[in-house]
Amino acid sequence: MRTALALLALAAAPALAQNPVAQLNAGMHLIRAEVVSDPGTRAQGLMHRKQLPPNAGMLFIFDEAAVHCMWMKNTLIPLSVAFIDDRGAIVNIADMEPQTEASHCAAQPVRYA
């Protein structure tokens with residue numbers, strides 16, 4: 001079953017990496033997500049972070065819907081990635097182990113992760 005993820009607000013509030021922050025709603029969960037939408041910030045992702053605050057994450061915005069993949073090179077904490085389509089529906093979720101180069105890919109074209 002697909003779960004909808006709603007983008008509630010995009011603010012220029014400072015975050016750890018000085019990326020813009022969006023508040024996301026996934027069912028009853030609120031997530032404070034740093035927004036990365038250009039190739040440089042997407043490539044950096046959450047590398048070298050030793051921790052994340054509760055209910056924090058990162059929203060990757062891609063230029064076009066495609067089967068995008070993620071990896072964990074230089075990422076120090078375990079993460080899960082939700083691949084999200086244009087309508088805001090979660091296509092699939094992958095659990096990722098720290099400091100690996102294993103690819104975790106969307107099951108179909110997505111615009112967000």
Side-chain angles (χ1 to χ4, degrees):
M1 178 176 201
R2 291 181 168 180
T3 303
L5 187 71
L7 180 62
L8 298 179
L10 181 61
L16 290 174
Q18 299 302 312
N19 293 313
V21 174
Q23 182 171 300
L24 305 176
N25 176 344
M28 63 184 242
H29 303 283
L30 293 177
I31 302 162
R32 182 177 163 84
E34 295 177 44
V35 178
V36 292
S37 58
D38 63 76
T41 57
R42 286 193 306 254
Q44 178 66 33
L46 290 167
M47 284 185 184
H48 307 293
R49 306 269 182 107
K50 294 181 180 174
Q51 63 184 15
L52 277 178
N55 300 319
M58 184 166 276
L59 175 64
F60 291 76
I61 301 175
F62 299 104
D63 296 333
E64 59 186 44
V67 177
H68 296 286
C69 298
M70 309 293 272
W71 64 339
M72 296 285 284
K73 182 178 181 180
N74 299 320
T75 305
L76 307 175
I77 52 179
L79 299 170
S80 294
V81 58
F83 293 100
I84 306 161
D85 69 14
D86 282 323
R87 299 170 314 177
I90 295 174
V91 171
N92 64 298
I93 298 174
D95 295 325
M96 304 183 297
E97 292 297 319
Q99 301 188 44
T100 67
E101 293 185 24
S103 290
H104 303 275
C105 301
Q108 64 188 50
V110 297
R111 283 281 317 271
Y112 312 97

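Residue numbers run from 1 in the order of the sequence given.
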Exercise for review: Output the distance between atom OG (Ser103) and atom CE (Met96), rounded to the nearest 0.5 Å.
Suggested key: 10.5 Å

Review point. Of the non-hydrogen atoms in Gln44 and His48, which two are nearest, and what is the gap between them?
Key: NE2-CD2, 3.8 Å

Revision key, fill the gap. Separation between CG (Leu59) and CD1 (Ile84), nearest 0.5 Å, reads 6.5 Å

Check your understanding: Is it true that atom CD of Glu97 has more than 12 heavy atoms of other residues, nucleotides or ligands lying nearer than 6.0 Å?
Key -> no

Point to revise | Nearest non-hydrogen partners of Gly57 and Leu52, listed with the distance | key: CA-CD1, 4.4 Å

Point to revise | Close side-chain approach of Leu76 to Arg49, heavy-atom, < 4.5 Å | key: no

Exercise for review: Could you please spell out the steps behind the side-chain contact (heavy atoms from CB on, under 4.5 Å) verdict for Asn19 and Met58?
Suggested key: CA-CA 9 Å; Asn19 293 313; Met58 184 166 276; 4.0 Å; yes

Revision key, fill the gap. Here the pair of heavy atoms bringing Ala106 nearest to Val110 is CB-CG2, 3.7 Å

Check your understanding: With the 4.5 Å side-chain cut-off for hydrophobic clustering, are Ile93 and Tyr112 part of the same group?
Key -> yes

Revision key, fill the gap. Rounding to 0.5 Å, atoms CG (Leu46) and CD (Glu34) come to a distance of 6.5 Å

Check your understanding: Between Ile61 and Arg111, is any pair of side-chain heavy atoms under 4.5 Å apart?
Key -> yes

Check your understanding: Can you check whether His29 reaches Asn55 side chain to side chain, under 4.5 Å on heavy atoms?
Key -> no

Exercise for review: State whether the side chain of Asn92 and the backbone N or O of Ala107 hold a donor-acceptor pair below 3.5 Å, judged by distance alone.
Suggested key: yes

Point to revise | ILVMFWY network linking Phe83 to Val67, side-chain heavy atoms under 4.5 angstrom | key: no

Practice item. Would you please name every residue forming a side-chain contact (heavy atoms from CB on, under 4.5 Å) with Arg42, sequence neighbours left out? Key: Val36, Pro39, Phe60, Phe62, Asp63

**Study point:** Within residues 71-82 or reaching into it, pairs that qualify as side chain to side chain donor-acceptor pair (under 3.5 Å) - sequence neighbours excluded
**Key:** Ser80-Asp95

Check your understanding: Between CD of Glu101 and CE of Met72, what distance do you get to the nearest 0.5 Å?
Key -> 12.0 Å

Study note, to complete from the structure: Pro98 and Ile77 have their tightest heavy-atom pair at CG-C, 3.7 Å

